[in-house]
Structure formats: structure tokens, C-alpha cells
Amino acid sequence: MKLRWLIPVAVLLPLRLSASDTAVGARVATVTINPRDVTILHLRPEFESTIRMPEEITSVILGSPGEFKAEHNEGEPEDVYVKPIVKEAAQSNLLIATKSGQHVTLELVSEGSSATNPTQPVDFLIEYRATRSFLISGDPESLAIRSAPTNELARGVSGGTSGLRSAPLSSLDEVFKLQESVNAPKWTKWEDKQIETSIGDMRQFSNQTMISYSILNSSNEPIEIVPPQIQITGRKATKKKRKEGKGIISDQLEIRDYRLSTTRLEPGERADGVVVFDRPNFKESTEKLFLQIAQADQVDRPILIHLPFTPPISGNGN
């Protein structure tokens, strides 16, 4: 009598995860570079997104470094990694420039970790192409593209406006445009002052430094502001001045160029500016660098905003 052994065989079937099985919808898209467009990038806390450019990246400017983080390193010269660093809903902008002078502007949007019914999936990878092509994606609503603000820069730029849109933007104009597009700057209030201030990005170009800023008239009266100044304080006085009773002096650094959207501010109105100045190659430990902002009727009582001596961003000026 023959015995037959029954051996159970387990059949392994691959499991396919649908989009509904995952907590976060992920999207990948390809976008054509257009400096006049703003790309909306949907992010989520605890997730990191990648922005890939077609060539080496030279500078990355983040509008709100307190709410988002943007990383770029020499080992991966074409990639930028972006993620929210706060759990609350947040919004900011990001400007990326490449070696050949191309630049893209993105609007970073995070619904926050408390969103019970997220309306947008996360953009895990956005790849930019230099050639003209349409958006490539399986989902027609995968990425929202809208036109960038068409405000002319002529308010703070010397010369006429003819050919302004077709001409490539300088580094100063790019930073100025970015500062203007910041929707909600973090304002700093000053005691006994009618204005509030907000500092944007600070960048170094060789031996020159560029800084962007905004001014808000928080009073009920119109005010007028004067062009910015850069001050370095804490320098030791000469023997002659020491005899006069002054041991520490301050000097004004040379302003190379600046942009200022307006000098007259009505109640609640805002002005945006960028200033470029020659920074010393070194300083003593007691010396400090300040951005000086003053009202026209209070030039003897300016606001002094302390600046880091070494800018956090390095770039190649045009």
C-alpha cells in the first residue's frame, strides 16, 4: 500500500498598494523652466521633497528659514532638498539660480501635520527641464503653475522700463523680486518707532554683501524713510579722539547699490529694499555690523539691526 503525502504549498502573490492604502499621496512631475512662472510645491511635515535642476545650482534663497529648510551641497550640485520644519501650516517662497543664469521661483505650501483631510498630495520630486515642453505627469492636476507677479521693478530701478522683461535679471533684482513676493514677513517692533522691520536674505558676492529687508508703517500717519546705511561700530578711536573722551567710534560703509520700492509709506503700507555694500575682509571681536534704517524726521534716531559679519548664503553676482 502506497502512502501519499500531501504537502501544502504556499503561493506568494505580490501585493499592490493603491494610492488609497497610503497615508500620503506622492507625486512626481517635470516642469519647463520659465522665469516668469511660479511653481507651487506642496509639502508635508516629516516628508522631504527634491527639486532637480538641469545644471549646477549656484544659489538657493529661502524666504522663511524659520518654517522651511532647503539644503544644497556640492556633492549633488543639481539637487535641492526641501521640507517644512514646523508642524503648523506654513507658506513661503524659494528662488533657485543655476550656473548659466537661469532661475526658477517656487511657492512652498505646507498644510501642517494637523490637517485631518489633506486636500493635496505631497510633491516628492520636481524635475526642471531647460527645453520647452509641457508638464509631464499622470495626474493633470499634479502641479499648479501660475504666472508670477508682473509688477515692474522700475519703482526702485534707475533708467527706463523698455526691454526690462526680456533682459536677464541681475542678482540684485532677483533678490529684490523675491523680497517683494514674501507675503507675510516676520515683523520686528521697535520701541517708540512708527515702523516695523523684517530682514530677508543676506548673501556674499566676493568682497561685497547684499541684504534684503522690508519696512512696515504700523502707525496711523504717513511717514517718509531715507535710503539705507550700513554701520560698523566698536572700532577703537585714535589717540586724538581718546583725549576728547571718545574711546569707541562708528563708521559708515560704502553703499555700492540699492533698491527701494518707495520712500513714502501711508498707514499700513510696506516698502521692500535691497542694499549692496563693501564689507571689510576682517574685523575685531568688539566690532559689530548694523543695517541702519531711519525716518526722514528722525535721522538722528535710526533703527540699528545687527547683521552677521559672515553672510549665511554665498552666491555669484551677475
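Just so we're clear, the structure is a prediction, and the values are computed from it rather than from any experiment. We use all heavy atoms of the structure for the numbers below, so side chains are in, but hydrogens, waters and symmetry mates are not.
Side-chain atoms of N93 and L95, non-hydrogen and from C-beta on, never get closer than 4.5 Å to each other. Here the side chains of P302 and Q229 are not in contact, with every heavy-atom distance at 4.5 Å or above. Residues F277 and Y258 form no side-chain contact, since every pair of their non-hydrogen atoms from C-beta on lies 4.5 Å or further apart. Using a 4.5 Å heavy-atom threshold, the side chains of L94 and I51 count as touching. Considering only heavy atoms from C-beta on, H72 stays 4.5 Å or farther from I96 through its side chain. Side-chain atoms of E174 and V274, non-hydrogen and from C-beta on, never get closer than 4.5 Å to each other.
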Item to complete: Please step through salt bridge (charged side-chain N to carboxylate O under 4.0 Å, His left out) for the pair R264 and E266, ending with a clear verdict.
Response: CA-CA 7 Å; R264 178 184 171 88; E266 301 297 333; 2.8 Å; yes
Item to complete: Begin from the C-alpha positions of L106 and I40 and carry the test side chain to side chain contact (heavy atoms under 4.5 Å, CB included) through to its verdict.
Response: CA-CA 6 Å; L106 300 97; I40 300 178; over 6 Å; no
Worksheet item: For T98 and Y128, what are the C-alpha separation, side-chain angles and deciding distance, and is it a side-chain hydrogen bond (donor to acceptor under 3.5 Å, both in side chains)?
Response: CA-CA 11 Å; T98 64; Y128 280 93; over 6 Å; no
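For N220, the CG atom sits in a loose shell: 12 or fewer heavy atoms of surrounding residues, nucleotides or ligands are nearer than 6.0 Å.
A search for side chain to side chain donor-acceptor pair (under 3.5 Å) contacts involving W190 returns T197, not counting sequence neighbours. Considering only residues two or more places apart in sequence or on other chains, R270 meets the salt bridge (Lys or Arg N to Asp or Glu O under 4.0 Å) condition with D272. Residues forming a side chain to side chain contact (heavy atoms under 4.5 Å, CB included) with E254 (at least two apart in sequence, or on another chain): R256, D278. Under the side chain to side chain contact (heavy atoms under 4.5 Å, CB included) criterion, A296 pairs with E224, V226, not counting sequence neighbours. In terms of the side chain to side chain donor-acceptor pair (under 3.5 Å) criterion, residue partners of Q231 (sequence neighbours excluded) are, by chain and number, Q292. Residues passing the side chain to side chain donor-acceptor pair (under 3.5 Å) test with E71 are K69, sequence neighbours excluded. Checked against side chain to side chain contact (heavy atoms under 4.5 Å, CB included), A90 has the following partners two or more places apart in sequence or in another chain: E67, F68, V86. Every residue meeting the side chain to side chain contact (heavy atoms under 4.5 Å, CB included) condition with Q295, not counting sequence neighbours, appears here in chain and number order: Q194, I195, I223, D297, Q298. Listed by chain and residue number, H306 satisfy the ring-ring contact (aromatic ring centres under 6.0 Å, His included) test with F290 (two or more places apart in sequence, or in another chain). Residues meeting the side chain to side chain donor-acceptor pair (under 3.5 Å) test with S212, sequence neighbours left out: Q179.
The CG atom of L260 sits 6.5 Å away from the CD1 atom of I215 when rounded to the nearest 0.5 Å. In this structure, CZ on F282 lies 9.0 Å from CD on E287, to the nearest 0.5 angstrom. How far NZ of K177 is from CZ of R259: 14.0 Å, rounded to the nearest 0.5 Å. The CG atom of L108 sits 9.0 Å away from atom OG of S49, with the distance rounded to the nearest 0.5 Å. In this structure, the separation between CG on L253 and CD1 on I255 is 7.5 Å, given to the nearest 0.5 Å. With rounding to the nearest 0.5 Å, the separation of NE2 in H103 from CE in M53 is 10.0 Å.
Using a 4.0 Å cut-off between charged nitrogen and carboxylate oxygen, E127 and R129 do not count as a salt-bridge pair.
Between the side chain of T58 and the backbone N or O of A97 there is at least one donor-acceptor pair closer than 3.5 Å. No donor-acceptor distance shorter than 3.5 angstrom exists from the side chain of S261 to the backbone of A271, with no hydrogens or angles considered. Side chain of D201 to main chain of I61: no donor-acceptor pair is present (N/O by atom type, distance under 3.5 Å, no hydrogens or angles).
A continuous path of ILVMFWY side-chain contacts below 4.5 Å connects I199 to M202, so both sit in one hydrophobic cluster. Cluster annotation: I211 is not connected to V182 through the hydrophobic network of ILVMFWY side chains, with a link wherever side-chain heavy atoms come within less than 4.5 Å.
Sorted by first and then second residue, the salt bridge (charged side-chain N to carboxylate O under 4.0 Å, His left out) pairs involving residues 73-95 (not counting sequence neighbours) are R52-D79.
In terms of heavy atoms, L62 sits closest to A70 at CD2-N, 4.0 Å. Heavy-atom minimum distance, I232 versus P280: CD1-CG, 4.3 Å. In terms of heavy-atom proximity, A89 sits nearest to E111 at CB-O, 3.6 Å. The shortest non-hydrogen separation linking S110 to P45 is OG-CD, 3.5 Å.
The side chain to side chain donor-acceptor pair (under 3.5 Å) test with D123 singles out one residue from R44, R27, H42, and that residue is R27.
Connectivity analysis of hydrophobic side chains (ILVMFWY, heavy atoms under 4.5 Å, direct or indirect) links L216 to W187.
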